[in-house]
Amino acid sequence: MAAARRAAAGDPRAGFRRAAEPSPAVPQGLIRAARKSGQLNLSGRNLGEVPQHVWRINLDTPEEAHQNLSFGAADRWWEQTDLTKLILASNKLQCLSEDVKLLPALTVLDVHDNQLTSLPSALGQLENLQKLDVSHNKLKGIPEELMQLSHLKSLLLHHNELSCLPDGFGQLVNLEELDLSNNHLTDIPTSFALLINLVRLNLACNQLKNLPADISAMKSLRQLDCTKNYLETVPSKLATMASLEQLYLRKNKLRSLPEFPSCKLLKELHAGENQIEILNAENLKHLNSLSVLELRDNKIKSVPDEIALLQKLERLDLANNDISRLPYTLGNLPQLKFLALEGNPLRTIRRDLLQKGTQELLKYLRSKIQDDVTNPNEEPPVTAMTLPSESRVNMHAITSLKLLEYSEKQAAVIPDEMFNAVGSNPVATVNFSKNQLSEVPPRIVELKDSLCDVNLGFNKISSVSLELCVLHKLTHLDIRNNFLTSLPEEMEALTRLQVINLSFNRFKVFPSVLYRILALETVLLGNNQVGSVDPLQLKKLDRLGTLDLQNNDLLQVPPELGNCETLRTLLLEGNPFRTPRAAILAKGTAAVLEYLRSRIPA
């Protein structure tokens with residue numbers, strides 16, 4: 001109550017309110033529900049600061065205790081649950097109070113997408129914390145006290161302004177996921193070697209010139225992303241990381257690849273946009289599990305015959321190099337589904353053949369193996385060189401992959417040259433994600449006869465235009481992380497739509513038009529503010545297999561939802577409802593549906 005009075009002190013309207021009324025940004029009903037569920041979602045509420053009564057949620061006697069003297073079973077406020085999950089994402093917070101220490105039971109704290117410049121040292125006292133998301137802020141440093149969080153499993157620090165890390169980072173021994181991408185880091189503490197449980201490490205988009213050799217001690221590491229740094233070499237010890245499955249080294253300054261004698265599990269190696277000149281047999285021959293090898297935009301002059309040892313290879317991208325001839329044995333790779341060679345001065349392969357696709361190319365290479373045996377000394381004919389495109393439009397992607405991509409450009413509009421380049425080519429996939437788009441690009445309507453998959457995620461779109469509603473072949477639509485509050489009824493025309501991702505928007509109600517798109521198989525609506533769902537309408541979606549309603553404002557789950565028996569995955573965690581309890585949710589979808597059916601009034 002005192003907190004509410006303090007908050008009102010600087011407010012000119014304060015005299016017109018009851019003194020005890022809390023800040024309108026956090027409804028009292030949410031606080032009450034959080035005392036019962038142990039979870040509080042305050043994302044996307046324009047909060048400039050966290051109200052004091054949120055930090056004191058488990059300390060102060062609730063307001064209803066003073067008002068309600070006849071307690072029913074539902075009102076026993078003294079039986080409250082400690083807060084374990086607090087989501088403050090997508091607000092306008094510039095700092096976090098040291099009072100965060102008043103919530104010692106927290107296991108999840110999510111404050112991504114705010115304006116934080118520092119973190120309180122009191123975070124180090126949250127000894128139960130397992131997941132901390134402070135990504136997309138303006139952090140310049142991390143308090144040493146954070147290194148005391150010995151139970152932390154996931155630490156997300158991407159998209160900040162960090163230039164260095166505490167030396168004691170290795171104390172976070174239980175860490176399994178660490179994302180430091182899109183910062184200003186110039187080096188990595190050697191204590192990283194102690195993170196022996198780390199599975200995923202993302203260092204992309206920093207200013208690293210080298211990696212410490214000790215990183216090889218991370219024996220559990222499966223995914224390492226070092227894209228877009230200034231690496232000139234990779235420590236040879238990296239090759240001893242036996243668990244490594246995915247290695248991203250794109251957009252660096254590498255002149256050669258390391259040898260990988262121990263990386264028997266490596267499935268993906270991405271090293272495009274470097275300065276690699278030589279590809280050796282030693283680089284390749286141990287990579288028995290490799291399915292993706294991406295080396296586009298380098299200076300590679302030849303490909304060794306040993307590439308034929310990569311029997312599990314499915315994608316090989318050698319576009320825009322200096323390769324003049326290929327080993328014909330490439331044609332024998334049994335799993336190869338995608339081979340990109342454009343932009344190389346190939347002498348042995350006609351240009352028109354390159355445009356016919358991977359299978360025709362492999363068939364040609366296999367036919368030449370036989371010719372090689374009969375005419376071993378024949379000079380290959382000189383044909384037109386294929387040169388890389390000068391434009392920023394990737395014509396190969398449009399013609400061969402049927403993909404129109406313009407993502408991660410921070411663009412407010414999609415340039416006309418992108419749409420002009422399509423011409424009469426049928427485009428099946430559009431990726432305009434991670435820009436600053438405020439509307440659906442109007443010219444997308446030109447692709448309506450072929451477009452199946454649209455990704456507009458991570459933009460600033462506040463409404464879906466009618467242009468999108470005429471894409472009658474659309475099967476997949478991703479508009480996550482935008483500013484949507486509703487969908488137009490005209491979307492009913494998208495009769496083939498199977499998957500829609502609306503996570504991290506601002507929906508307060510379940511969009512009613514979705515109930516009428518009968519082809520839907522997956523609806524992802526997590527991290528919104530949806531307050532209710534209509535189970536009778538939902539049951540009409542007889543192909544719906546996945547429904548994600550995590551981290552919304554559902555105060556109750558209608559028992560009739562149990563009759564939606566096509567659901568294989570129903571995600572409800574992080575809502576303020578009391579039942580089903582967490583123990584039932586943890587048993588999985590079948591158990592939740594069965595429980596809900598048992599609650600339907602006879």
Positive for side chain to side chain contact (heavy atoms under 4.5 Å, CB included) with [X], one of [options]:
| X | options | result |
| --- | --- | --- |
| I500 | I517, L514, L524 | L514 |
| F507 | L487, N552, N527 | L487 |
| L116 | L88, V111, N160 | V111 |
| T546 | L567, T522, L520 | T522 |
| L295 | I323, L279, L269, N320 | L279 |

Kindly say whether [Y] contributes a backbone atom to a donor-acceptor pair with the side chain of [X] at under 3.5 angstrom?
| X | Y | value |
| --- | --- | --- |
| N459 | N435 | yes |
| D133 | S135 | yes |
| N501 | D478 | no |
| T589 | L570 | yes |
| N274 | L254 | yes |
| N206 | L162 | no |
| N46 | G48 | no |
| N431 | E405 | no |
| N528 | N505 | yes |
| N182 | H159 | no |

Side chains of [X] and [Y]: do they bring a donor and an acceptor to under 3.5 Å?
| X | Y | value |
| --- | --- | --- |
| D110 | H112 | yes |
| S90 | D113 | yes |
| K138 | Q115 | no |
| R443 | N420 | yes |
| Q550 | S503 | no |
| E314 | Q335 | no |
| K85 | N551 | yes |
| N344 | N321 | no |
| Q529 | K508 | yes |

So does [X] pair up with [Y], basic N to acidic O under 4.0 Å?
| X | Y | value |
| --- | --- | --- |
| E521 | R543 | no |
| E277 | K299 | no |
| K228 | E273 | no |
| D553 | R45 | yes |

Minimum heavy-atom distance [X]-[Y], with the two atoms named:
| X | Y | answer |
| --- | --- | --- |
| C469 | M491 | SG-CG, 3.6 Å |
| E467 | I444 | CB-CG2, 4.3 Å |
| L180 | L157 | CD2-CD1, 3.6 Å |
| L456 | P441 | CD2-CD, 4.0 Å |
| L468 | L477 | CD2-CD2, 3.9 Å |
| L333 | Q311 | CD2-NE2, 4.2 Å |

Quick one: does [X]'s side chain get under 4.5 Å of [Y]'s, heavy atoms only?
| X | Y | answer |
| --- | --- | --- |
| L221 | S243 | no |
| L119 | L139 | yes |
| D225 | L249 | no |
| M241 | M218 | yes |
| F192 | L201 | yes |
| V509 | V530 | no |
| Y248 | E268 | yes |
| V523 | D548 | no |

*asked:* Working note: I276 + I278, criterion side chain to side chain contact (heavy atoms under 4.5 Å, CB included); need CA distance, chi angles, decisive distance, verdict.
replied: CA-CA 6 Å; I276 299 169; I278 296 174; 6.0 Å; no
_Checking V292 against L316 for the side chain to side chain contact (heavy atoms under 4.5 Å, CB included) test, could you report, in this order, the C-alpha distance in whole Å, the side-chain angles of both residues, the deciding distance, and whether it holds?_
CA-CA 6 Å; V292 176; L316 176 60; over 6 Å; no
*If you round to the nearest 0.5 Å, how far is CG of L494 from CZ of R516?*
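Between R516 CZ and L494 CG, I get 12.0 Å after rounding to 0.5 Å.
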*How many angstroms lie between CG in L310 and CG in N288, if you round to the nearest 0.5 Å?*
8.5 Å
*Honestly, is R315 close enough over F338, meaning NZ or CZ under 6.0 Å from the six-membered ring centre and within 45° of the axis?*
yes
*Stepwise, does the side chain to side chain donor-acceptor pair (under 3.5 Å) test hold for S220 with E176?*
CA-CA 9 Å; S220 305; E176 294 174 9; over 6 Å; no
*I would like to know whether E232 and K253 meet salt bridge (Lys or Arg N to Asp or Glu O under 4.0 Å); could you show each step before the answer?*
CA-CA 5 Å; E232 294 181 7; K253 297 184 181 302; over 6 Å; no
_Chi angles and distances behind the salt bridge (Lys or Arg N to Asp or Glu O under 4.0 Å) call for K473, D449_ = CA-CA 7 Å; K473 292 195 172 172; D449 293 328; over 6 Å; no
*asked:* For H136 together with F458, are the ring centres under 6.0 Å from each other?
replied: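 No; H136 has its ring centre 6.0 Å or more from that of F458.
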*Take R250 and E294 through the salt bridge (Lys or Arg N to Asp or Glu O under 4.0 Å) test and state the conclusion after the steps.*
CA-CA 9 Å; R250 300 188 77 243; E294 189 266 308; 2.8 Å; yes
*Step by step, would you call V427 with L451 a side chain to side chain contact (heavy atoms under 4.5 Å, CB included)?*
CA-CA 6 Å; V427 166; L451 198 54; 4.1 Å; yes
*asked:* Angle between ring planes, F432 versus F419, binned at 30° and 60°: parallel, tilted or perpendicular?
replied: perpendicular
_Steps toward side chain to side chain contact (heavy atoms under 4.5 Å, CB included) verdict (L284, L293)_ = CA-CA 10 Å; L284 302 175; L293 179 57; 4.1 Å; yes
